Amino acid sequence: MAVQKRFIAGAVCPRCGEMDRIRAWEQHGVRYRDCVSCDFFEQAAIEDETAAELETRVNREREEQQRNTIQTVRILDPRRR
């Protein structure tokens, strides 16, 4: 059975800088990426799925995000001094 390679939308090749030229696929516990415009090729072992996920703004608690982003804004009239 052939491995299905998928293009990654919006990905930029780290070697040639072309956008939408990176393909990705998995095979035998290894992730692969390559560029169809140049000779870029990368492989990485698939990590254990139970490993802790890195905290990002996307997966952080909603309350924490709101607490960190709410700020009081004071509007000044430039004509008034």
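Note that the coordinates shown come from a computational prediction; the quantities given were computed from them, not determined experimentally.
Nearest heavy atom pair, residue Gln43 against residue Tyr32, reads OE1-CE2, 3.3 Å. Nearest heavy-atom pair across Asp20 and Phe7 is O-CD2, 3.9 Å. The two residues Trp25 and Val3 come nearest to each other via the heavy atoms CD1-CG1, 3.5 Å.
Taking CD1 of Ile46 as the reference point, atom CD of Gln27 lies at 10.5 Å (rounded to 0.5 Å).
Legend: residues meeting side chain to side chain contact (heavy atoms under 4.5 Å, CB included) with Phe40, ordered by chain and number and at least two apart, are Cys13, Pro14, Arg15, Ile22, Arg33, Cys35, Cys38, Glu42.
With contacts defined as side-chain heavy-atom distances shorter than 4.5 Å, the pair Ile8/Arg6 does not qualify.
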